[in-house]
Amino acid sequence: MMIVLDAVSKWYPTGDRPALADVSAEIGTGEFVFLVGPSGSGKSTLLRLLLREERASAGQVLVAGRDVARIPDRRVPRLRRAVGCVFQDFRLLPNRTVAANVAFALDVVGRPRHVVRSVVPEALELVGLREAAQRYPDELSGGEQQRVAIARAFVGRPRVLLADEPTGNLDPATSLEIMKLLDTIHRAGTTVLMATHNASLVDAMRRRVLELGDGVLIRDEADGRYDQTVPQPIAVPAQSAGDGGVDSGVDSGIGIGGIGGIGIGIGGIGGVGGGVSSPWAPPVRGAVG
Ligand SMILES: Nc1ncnc2c1ncn2[C@@H]1O[C@H](COP(=O)(O)OP(=O)(O)OP(=O)(O)O)[C@@H](O)[C@H]1O
């Protein structure tokens, strides 16, 4: 197993409920897994635990067989070399060139210069940006910046790539390009865990889906979609006979949650929408994205 979460809970000091509650899951080496759930459901918290940016309040987090909480502070950089990450807001250094941004990841972990000089162009080649090596982030489109961020995450050949909403700031076509790139990296043998609100991408890829709701793991589905396919909670045929009843099922779901419009909004965050929202989706809290 590349990632093991064993009864993991996380309370933030200021929180009135746990950000993660008794989450257990295993992700095998070489798997591609989507992590979904509404805003505030705990996705970023889970990723932060894997990077040791936060520590679990209870339970165990293992990455590549190591108990992350027990890694001595001086070894945390080594963990972060084994675990590449990509974020919604790219997080590039604005005053460094593209090549320097990618090289920075290696400089930090003390790779020799000749190694840096050979692998940085390779990583830029992988993301199709070799020609942009000497440009600065603000001279690139959002999609190009995200590709630089992926090159930076991948240049150290991590065993795991974590992506926190990597398409959140991108249009649908660009999002698809980024998705393909992550898929390529996955096919090269990297374990990928991608937190996303992008329903179209999840539905198109049909990979394993882990879903969080209020910090609880509520779904672990192979070949899943963004929304769980569940039997309708209320039987509709008899009552729908008089009015056509085409969307009676959805109506009944909305009645239960009272949040149909917000459900549709989840699909829209990635700018693509299109999918039918989950009739039982819990309400979105706080700011979108
Ligand atoms: N540093 C923090 N201090 C206190 N509470 C926090 C902190 N970070 C997150 N939380 C809370 O923990 C819960 C889970 O947040 P988290 O950011 O993990 O959710 P998320 O699913 O990643 O949301 P989004 O999709 O909006 O990024 C939320 O209730 C949030 O308010």
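Remember, it's 1-based here, ligands and their atoms both numbered in the order they're listed. Counting begins at 1 with the first residue of the sequence.
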ask   = At under 4.0 Å between heavy atoms, which part of Thr45 makes contact with ligand 1: side chain, backbone, both or neither?
value =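 For Thr45, backbone and side-chain atoms both sit under 4.0 Å from ligand 1.
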
query = Using a heavy-atom cut-off of under 4.0 Å, does the side chain or the backbone of Pro38 touch ligand 1, or both, or neither?
reply = backbone

query = In this structure, which one of Arg207, His186, Met179 forms a side-chain contact (heavy atoms from CB on, under 4.5 Å) with Met194?
reply =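 Result: among Arg207, His186, Met179, Met179 is the only option passing the side-chain contact (heavy atoms from CB on, under 4.5 Å) with Met194.
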
inquiry  = Checking side-chain contact (heavy atoms from CB on, under 4.5 Å) between Gln88 and each of Thr196, Thr167, Asn169, which is the one that passes?
reply    =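 The residue from Thr196, Thr167, Asn169 that satisfies side-chain contact (heavy atoms from CB on, under 4.5 Å) with Gln88 turns out to be Asn169.
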
query = Which heavy atom of Leu124 sits nearest a heavy atom of Ala133, and at what distance?
reply =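 So the minimum-distance heavy-atom pair works out to CD1-CB, 3.9 Å.
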
Within a distance under 4.0 Å of any heavy atom of [X], pick out the atoms of ligand 1 and give their elements.
X     : answer
Ser41 : 19 (O), 20 (P), 21 (O)
Arg17 : 29 (O)
Arg48 : 8 (N), 9 (C)

ask   = Between the candidates Gly40, Gly42, Gly215, Ala19, which shows the shortest non-hydrogen contact distance to atom 12 (O) of ligand 1?
value = Ala19

inquiry  = Hydrophobic cluster membership, with links at side-chain heavy-atom distances under 4.5 Å among I/L/V/M/F/W/Y: are Val68 and Trp11 in one?
reply    = no

key: Joint hydrophobic cluster, Tyr136 plus Val102, side-chain heavy atoms closer than 4.5 Å   = no

inquiry  = Check this for me - ligand 1, Lys43, N or O atoms closer than 3.5 angstrom, yes or no?
reply    = yes

ask   = Quick check: does Ser44 get an N/O under 3.5 Å from an N/O on ligand 1?
value = yes

message = Quick test of your reading of the model: are Arg91 and Asp89 salt-bridged, counting only N-O distances below 4.0 Å?
response =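 Looking at Asp89 together with Arg91, the answer is yes, because their closest N to O distance falls below 4.0 Å.
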
inquiry  = Salt bridge check, Asp73 against Arg55: does any charged N sit closer than 4.0 Å to a carboxylate O?
reply    =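 Yes, this pair counts.
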
query = If you measure from each heavy atom of Glu54 to ligand 1, is any distance below 4.0 Å?
reply = no

ask   = Contact between His197 and ligand 1, counting heavy atoms under 4.0 Å?
value = yes

